[in-house]
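Lettering of chains follows the sequences in order, A, B, ..., and the numbering in each one begins at 1. Note: hydrogens, waters and symmetry copies are ignored here, and every other heavy atom, side chains too, is used.
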2 protein chains.
Amino acid sequence: MNATAASLLGFLHRGPASGWDLVATAQATIGDFWPVTRSQVYRELAAMEAQGLVRAGPPGRRDRRPYQLTRAGRSAFARWVREPPGPEQIRFPLLLALSFGRHLPPGRLAGFLAEHRTEHEARLARYRAAQEAGAAPDDYAAAALAFGVAYESAVLAWFDQLPDRLTGGGGQARRASSTETRRPSAGAPR
Amino acid sequence: MNATAASLLGFLHRGPASGWDLVATAQATIGDFWPVTRSQVYRELAAMEAQGLVRAGPPGRRDRRPYQLTRAGRSAFARWVREPPGPEQIRFPLLLALSFGRHLPPGRLAGFLAEHRTEHEARLARYRAAQEAGAAPDDYAAAALAFGVAYESAVLAWFDQLPDRLTGGGGQARRASSTETRRPSAGAPR
DNA sequence: CATATCATGTAAGAGGTTACATGATTAC
DNA sequence: GTAATCATGTAACCTCTTACATGATATG
């Protein structure tokens with residue numbers, strides 16, 4: 001039982017849902033730390049139906065095919081959720097680029113960093129907004145959201161403590177003094 | 001050109017190396033944010049040799065097969081490293097378990113959290129030790145290491161701000177506080 | 001001479017991504 | 001009627017993981 005499939009079983013505890021629904025639910029609730037694609041959902045649903053973990057109920061409007069938990073599915077989920085979760089898997093291409101920074105032309109790395117910083121800033125804003133809107137339905141979701149905030153905050157703080165040499169760009173040109181007219185591109189001021 | 005293969009090309013800039021060497025180098029330098037397995041290394045080396053990006057030099061002791069960069073390999077790497085790095089991929093089973101916390105028996109989630117916290121504590125200690133030992137050969141590696149410290153610190157801080165209801169749970173609570181006699185209701189809220 | 005370490009690889013499969021392909025219904 | 005959205009699925013491919021299999025050389 002893989003975690004993606006198990007998560008679908010978890011969502012089905014709320015009631016019958018179609019593949020389409022499950023994609024939406026997954027994206028909204030666990031998408032930030034456990035990406036799930038349409039392809040996977042339909043594949044896992046088919047596999048789990050074959051295993052008797054879910055059952056397609058009466059078809060709805062359009063081509064809607066709502067699935068519901070079977071007793072076997074319920075217990076498969078219960079078994080899965082009690083197992084100790086594995087370590088997190090991280091793959092961070094930006095750090096890879098950073099590691100090979102010596103092979104990058106001047107300013108290029110600074111550009112990469114600036115782009116990613118912007119991205120993380122946006123994500124933090126999104127999480128904060130969700131927090132303030134009270135979007136989390138329970139303490140568990142709230143804790144997961146808090147993780148997002150903690151993570152993005154840490155990433156931003158990390159960006160901001162990087163030496164100017166890496167973020168300020170222009171190769172040997174470090175620390176253009178108070179007159180910052182030199183670099184129009186990505187090494188944006190914060 | 002995938003990032004794993006490209007990284008191997010990157011390492012080969014330091015001089016010829018065997019698959020074995022490259023596994024060790026990769027684990028030591030990028031392993032924390034870009035895991036690389038033996039299997040991948042040998043496969044990618046074979047593939048890159050077929051593409052003319054690397055060439056096996058004269059065999060060494062034992063069955064050692066040192067590879068070196070070709071000019072094509074050098075330029076393939078140069079092309080790769082200039083491309084904007086993609087977004088980080090994170091998969092965090094603990095957060096998944098947390099999200100489904102309502103389906104966990106009391107105390108179980110607390111146990112998971114405690115185990116992971118210990119793990120992250122150890123990693124932070126390792127990174128801090130590496131920093132203090134001056135293990136980073138250059139500013140780039142130092143920045144990557146700093147990321148590790150920032151990340152692990154944030155994770156620990158997150159653990160420590162979780163509501164008692166989640167961490168204080170039933171069974172194997174870490175950090176048993178002075179009032180650990182009450183029956184916790186970890187699985188109960190809403 | 002036995003054990004640890006160095007060293008290379010293959011096989012099988014799981015899991016994930018991207019693109020392709022199709023059709024039904026609703027809203028304008 | 002036409003565009004947007006809902007809805008399902010397939011195909012191909014890439015990447016990564018795990019386990020298997022083998023042998024050479026150092027070290028004690």
Side-chain angles (χ1 to χ4, degrees), chain A residues 1-9 11 16-28 30-51 54-67 80 83 85-93 96, chain B residues 1-8 11 16-28 30-51 54-67 80 85-93 96:
Chain A
M1 170 101 293
N2 73 62
T4 299
S7 296
L8 301 182
L9 293 180
F11 295 133
S18 67
W20 185 267
D21 296 336
L22 290 168
V23 170
T25 302
Q27 239 144 38
I30 60 174
D32 291 316
F33 47 84
W34 198 270
V36 171
T37 64
R38 235 176 349 128
S39 235
Q40 277 174 283
V41 168
Y42 286 116
R43 186 188 297 186
E44 296 298 346
L45 281 175
M48 290 195 294
E49 188 176 22
Q51 290 175 273
V54 298
R55 186 191 329 128
R61 317 193 137 175
R62 287 172 172 177
D63 291 338
R64 201 180 161 74
R65 240 163 97 70
Y67 285 90
W80 173 81
E83 276 163 30
E88 76 261 40
Q89 301 144 41
I90 300 185
R91 286 182 179 270
F92 210 144
L96 215 48
Chain B
M1 170 103 292
N2 73 63
T4 299
S7 298
L8 301 181
F11 295 133
S18 67
W20 185 268
D21 297 335
L22 289 169
V23 171
T25 302
Q27 239 145 37
I30 59 173
D32 291 316
F33 48 85
W34 197 267
V36 171
T37 65
R38 239 181 339 132
S39 235
Q40 277 174 284
V41 168
Y42 286 116
R43 183 187 302 187
E44 296 297 346
L45 281 175
M48 289 195 293
E49 189 177 23
Q51 290 175 271
V54 298
R55 186 192 327 129
R61 316 194 137 175
R62 289 172 173 176
D63 291 337
R64 201 178 161 75
R65 241 164 97 70
Y67 285 89
W80 172 81
E88 76 262 40
Q89 300 145 39
I90 300 185
R91 284 182 180 271
F92 210 145
L96 216 46

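- Nearest to the side-chain atoms of B/Arg65 among the listed nucleotides C/dT18, D/dA7, C/dG9 stands C/dG9.
- The main-chain N or O of B/Thr37 is found under 3.5 Å from a side-chain atom of B/Gln40 such that the two form a donor-acceptor pair.
- With hydrogens and angles disregarded, no donor-acceptor distance shorter than 3.5 Å links the side chain of B/Arg91 to the backbone of A/Phe33.
- Inter-residue side-chain proximity for B/Leu45 and B/Leu22 is flagged as met; some heavy-atom pair is nearer than 4.5 Å.
- With rounding to the nearest 0.5 Å, the separation of CD in B/Glu44 from OG1 in B/Thr4 is 6.5 Å.
- Closest to the A/Thr4 side chain, of the nucleotides C/dA12, D/dT18, C/dG16, is C/dG16.
- A/Gln27 and A/Asp32 share no donor-acceptor pair across their side chains, judged by distance under 3.5 Å alone.
- The residue among A/Gln40 and B/Pro66 whose nearest nucleotide of DNA chain C is located toward the 5' end is B/Pro66.
- Axis angle across the helix from C/dC1-D/dG28 to C/dC28-D/dG1, with five pairs used at each end and values rounded to 10°: 20°.
- No hydrogens or angles considered: nothing links the side chains of B/Ser7 and B/Trp34 as a donor-acceptor pair under 3.5 Å.
- Comparing C/dC20, C/dG15, C/dT17 by their closest approach to the side chain of A/Arg38 singles out C/dC20.
- Each of C/dT18, D/dT17, C/dG9 was ranked by its minimum atom distance to the side chain of B/Arg43; first place goes to D/dT17.
- Between the side chains of A/Arg65 and A/Ser18, no donor N or O sits under 3.5 Å from an acceptor N or O.
- Listed by residue number, the members of residues 17-27 of chain A with any heavy atom below 4.0 angstrom from DNA chain D are A/Ser18, A/Gly19, A/Trp20.
- Contact annotation: side chain of A/Arg64 to base of D/dT8, donor-acceptor pair absent below 3.5 Å.
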